[in-house]
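Scroll down for the structure; my scribbles are underneath it.
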Amino acid sequence: MRKIIFHEDAIEIRQYEFQVSSIRENPIISLDLINEVNLNTFPVSIVINHNEVIFIEARYQKDFVQFVKEKKLKVENRFDVWEALNEVFLDTEFTEAHKERTLAQLEGNGFTREEVTQIRAEVSELMQGWAAVAWEWNYLGQYDLLLNKKQSYLLLFPRDFYWWTMSIALRNYHK
């Protein structure tokens, strides 16, 4: 069974990965609810209702990109906040100059250094060692964080955590 169906005027996402998502109750996302498409995240994503990032499984990416082109959806390749925040959890040694650039980018996207430290501390237990099982060896984003939380909590996925990650992911989003 296809998890994602591209209709004439909507995307239908069946069996979405995160049960606390707003699309679990209403899996049909009409075009007018799609605020932007971001091809910089992995997997690619859309913002709906100005408050939620929805990820499109990688196996549907080709069809999704075609759909985006046909429907002339707004592509806004915003800076991926969660990739920058999670970068410290990769099994990669970064130079001090690289770390400083990342912090400067986060500052440019609305985060103080103190806040970056707090957010990283909040997710560090979840993300330590996660790079070993991540989809992309050089990328850890919001999807990875949510997947890891889901696997840690199974059926008790906390709604407040999900929406907290959305508020962070969309800090640099403008209506």
Side-chain angles (χ1 to χ4, degrees), residues 1-87 89 109-110 119 122-123 126-127 130-131 133-175:
M1 176 177 90
R2 286 186 59 92
K3 286 186 175 182
I4 300 179
I5 299 171
F6 299 97
H7 298 286
E8 183 62 33
D9 60 349
I11 298 173
E12 182 177 357
I13 302 180
R14 302 171 171 181
Q15 298 178 343
Y16 190 58
E17 194 76 50
F18 309 109
Q19 73 270 22
V20 298
S21 169
S22 67
I23 66 169
R24 288 292 288 233
E25 292 176 17
N26 186 8
I28 297 178
I29 304 167
S30 62
L31 293 177
D32 63 321
L33 296 179
I34 300 172
N35 309 117
E36 74 174 31
V37 173
N38 193 335
L39 303 175
N40 282 341
T41 60
F42 186 84
V44 294
S45 61
I46 59 176
V47 173
I48 63 168
N49 301 318
H50 301 291
N51 72 344
E52 186 173 9
V53 177
I54 301 295
F55 295 97
I56 306 299
E57 285 186 42
R59 65 181 163 163
Y60 298 106
Q61 184 169 338
K62 183 179 177 187
D63 292 340
F64 174 69
V65 170
Q66 184 64 36
F67 181 82
V68 167
K69 287 178 184 175
E70 287 174 9
K71 304 306 175 193
K72 296 179 175 60
L73 296 176
K74 177 184 174 187
V75 176
E76 185 67 45
N77 290 318
R78 282 182 301 107
F79 175 73
D80 187 345
V81 170
W82 276 111
E83 177 186 16
L85 289 166
N86 288 334
E87 181 180 85
F89 304 113
N109 283 276
I119 293 167
E122 179 75 25
V123 300
L126 276 173
M127 298 308 288
W130 183 242
V133 293
W135 294 105
E136 292 286 321
W137 70 271
N138 60 349
Y139 177 92
L140 286 174
Q142 181 185 16
Y143 183 77
D144 298 300
L145 177 65
L146 290 171
L147 250 180
N148 199 6
K149 187 73 164 183
K150 177 185 173 191
Q151 291 176 356
S152 299
Y153 279 78
L154 298 174
L155 297 176
L156 303 172
F157 192 97
R159 177 178 294 281
D160 58 339
F161 181 83
Y162 180 82
W163 291 105
W164 174 73
T165 70
M166 293 300 158
S167 68
I168 291 168
L170 296 172
R171 177 80 58 91
N172 60 356
Y173 168 77
H174 303 288
K175 291 181 184 180

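Note that this is a predicted model, so its numbers are computed, not measured.
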Test side chain to side chain contact (heavy atoms under 4.5 Å, CB included) applied to K74 - qualifying residues, sequence neighbours left out: E76
Check: N49 main-chain N/O paired with N35 side-chain donor or acceptor under 3.5 Å: yes
Here's a test for you: under side-chain contact (heavy atoms from CB on, under 4.5 Å), which of F55, F64, Y60 qualifies with P43? F55
Considering residues at least two apart in sequence or located in another chain, which fulfil the salt bridge (charged side-chain N to carboxylate O under 4.0 Å, His left out) criterion with R24? none
According to side chain to side chain contact (heavy atoms under 4.5 Å, CB included), who are the partners of Q15, at least two apart in sequence or on a separate chain? M1, K3
Do E17 and L146 touch side chain to side chain, with heavy atoms closer than 4.5 Å? no
I want to check something: taking the side chain as every heavy atom from C-beta on, are L73 and V75 in contact at a cut-off of under 4.5 Å? no
Is it the case that over 12 heavy atoms from other parts of the model lie below 6.0 angstrom from the CD atom of E70? yes
Can you check whether N51 reaches M166 side chain to side chain, under 4.5 Å on heavy atoms? no
With no hydrogens and no angle check, is any side-chain donor or acceptor of N38 less than 3.5 Å from a backbone partner on S45? no
Where does the angle between the aromatic ring planes of F67 and F6 fall among parallel (under 30°), tilted (30 to 60°) and perpendicular (over 60°)? tilted
Can you say whether the rings of F18 and Y162 are parallel (under 30°), tilted (30 to 60°) or perpendicular (over 60°)? tilted
Test item: side-chain donor near acceptor, E52 and S21, under 3.5 Å: yes
Determine the interplanar angle of the W164 and W82 rings, folded into 0 to 90°, and report it as parallel if under 30°, tilted if 30 to 60°, perpendicular if over 60°. perpendicular
Ignoring hydrogens and angles, tell me if any N or O in the side chain of R78 forms a donor-acceptor pair with the backbone of L170 under 3.5 Å. no
